[in-house]
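Values in this document were obtained by computation on a predicted structure and should not be read as measured data. Each chain gets a letter, A, B and so on, in the order its sequence line appears, and its residues count up from 1.
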Amino acid sequence: MPDPNQYTDLDEARLVQLAKSDPEAFGELYLRNLERIYNYIYYRVGNTADAEDLTARTFHQALGSINRYIDQGVPFAAWLYRIAHNLVANHHRARGRWRMTSLDDLELSGSPAERPEQAAEGNERRRALWSAINRQPEERQRLLILKFTERLSNEEIGRLMGRTESSIKSLYFRTLKALKADLEARDW
Amino acid sequence: MAHHSITHTTTDEHAQHSSPETHTPHLTDGLPSLLALTRRLADLLAPVRPRAEFRAELQHSLLASARQQQAKRLLALPTYAAAAPTPAAADPSRIPGWSSLDGIVGDKRWVWGAAAAGSAVSLVSILTYVVRRQHHRPAASA
């Protein structure tokens, strides 16, 4: 068993294998993936409290099931995203608002340099954009979060979503066009 | 994570889209507004960091659960053997702490020896009983 300080140097496949029996290895997997999973959930639920709750549940569920995890050559994060996605879906279902996050929940803040009226207008536009994103199919929302929040390339997104790079590129372009059309229809 | 600016990423991608040599005209229609939209998206969906307290608490809680899970696996050996994915762990004789017991149970010479000793004790008991009865009978008849 390696020195816990050396976990940071281990490649993911080895780390996942170790994490099945070694708590410290799972701890390293957690540290590597926390922010991306938190970001994904945060932008699906729109508030810190629910994001923290669902992030904690995602990692606890992953810990409980890691012995059944089979490495299929895709990033470990893809498995975590799937758990997170299911929990977010259950969360929305339980609240009776599948896919649609309440605008009241969205924690938005304008730039500190903005004047109050500018900040108000900016927030209004952000809310409209957020609302338009929420009207998109779940797959498109996921793509936008991975692209803008995670800043992943089309190839990386493809590996996480089980699609080819070119299909992600095409989906991204269609998503932008759909968002634009949606916003224009509402005089954005 | 070595992330470059999303504004650069999306702008670069759209700069490619805008190249007339590589894209058909319909893709470049309304490109400035799409570019503006990607900037708005980058602004709205900026990465957020979880609170430091939350990060630390969750790490602590996960480590505690992982250690508890590890202890349960070591105690519940059938479960451990079934859940363990590696051939070494799936073989109960290789589970730490079980190798000595496995050696005793698995060693057939030890089993045969114990059986032979048990049989010998029984035989000696029967012989002793028979001899004693024979000694008591003449005394009783006299």
Self-check item: Residue pair Y30(A) / F54(B): nearest heavy atoms and the distance that separates them
Solution: OH-O, 4.2 Å
Exercise. Measure across T38(B) and F148(A) and return the closest heavy-atom pair with its distance rounded to 0.1 Å.
Key: O-CE2, 3.5 Å
Distance (rounded to the nearest 0.5 Å) between [X] [atom1] and [Y] [atom2]:
| X | Y | atom1 | atom2 | value |
| --- | --- | --- | --- | --- |
| K177(A) | L34(B) | NZ | CG | 6.5 Å |
| L58(B) | F59(A) | CG | CZ | 7.0 Å |
| I133(A) | L44(B) | CD1 | CG | 5.0 Å |
| I66(A) | Q69(B) | CD1 | CD | 9.0 Å |
| I145(A) | L45(B) | CD1 | CG | 6.5 Å |
| R49(B) | Y42(A) | CZ | OH | 15.0 Å |

Quiz item: Are any of the side-chain nitrogens in R55(B) or E52(A) under 4.0 Å away from the carboxylate oxygens of its partner?
Solution: no
Quiz item: According to a 4.5 Å side-chain heavy-atom criterion applied to Ile, Leu, Val, Met, Phe, Trp and Tyr, with indirect links allowed, do Y7(A) and L31(A) form part of one hydrophobic cluster?
Solution: yes
Self-check item: Cluster check L63(B), L80(A): I/L/V/M/F/W/Y, side chain < 4.5 angstrom
Solution: no
Self-check item: Portion of L34(A) that has a non-hydrogen atom of chain B nearer than 4.5 angstrom
Solution: side chain
Quiz item: If you draw a 6.0 Å radius around CD1 in I70(A), do more than 12 non-hydrogen atoms from other residues or ligands fall strictly inside?
Solution: no
Quiz item: Any idea which of S65(B), S61(B), P50(B), A64(B) has the most non-hydrogen atom pairs under 4.5 angstrom with chain A?
Solution: P50(B)
Quiz item: Is a donor on one side and an acceptor on the other found under 3.5 Å between the side chain of Y43(A) and the backbone of P47(B)?
Solution: no
Self-check item: Side-chain (Q70(B)) to main-chain (P23(A)) donor-acceptor, under 3.5 angstrom
Solution: no
Quiz prompt | Side-chain touch L129(A)/D43(B), heavy atoms, less than 4.5 angstrom | solution = no
Quiz item: Are any non-hydrogen side-chain atoms of V48(B) and T48(A) less than 4.5 angstrom apart?
Solution: no
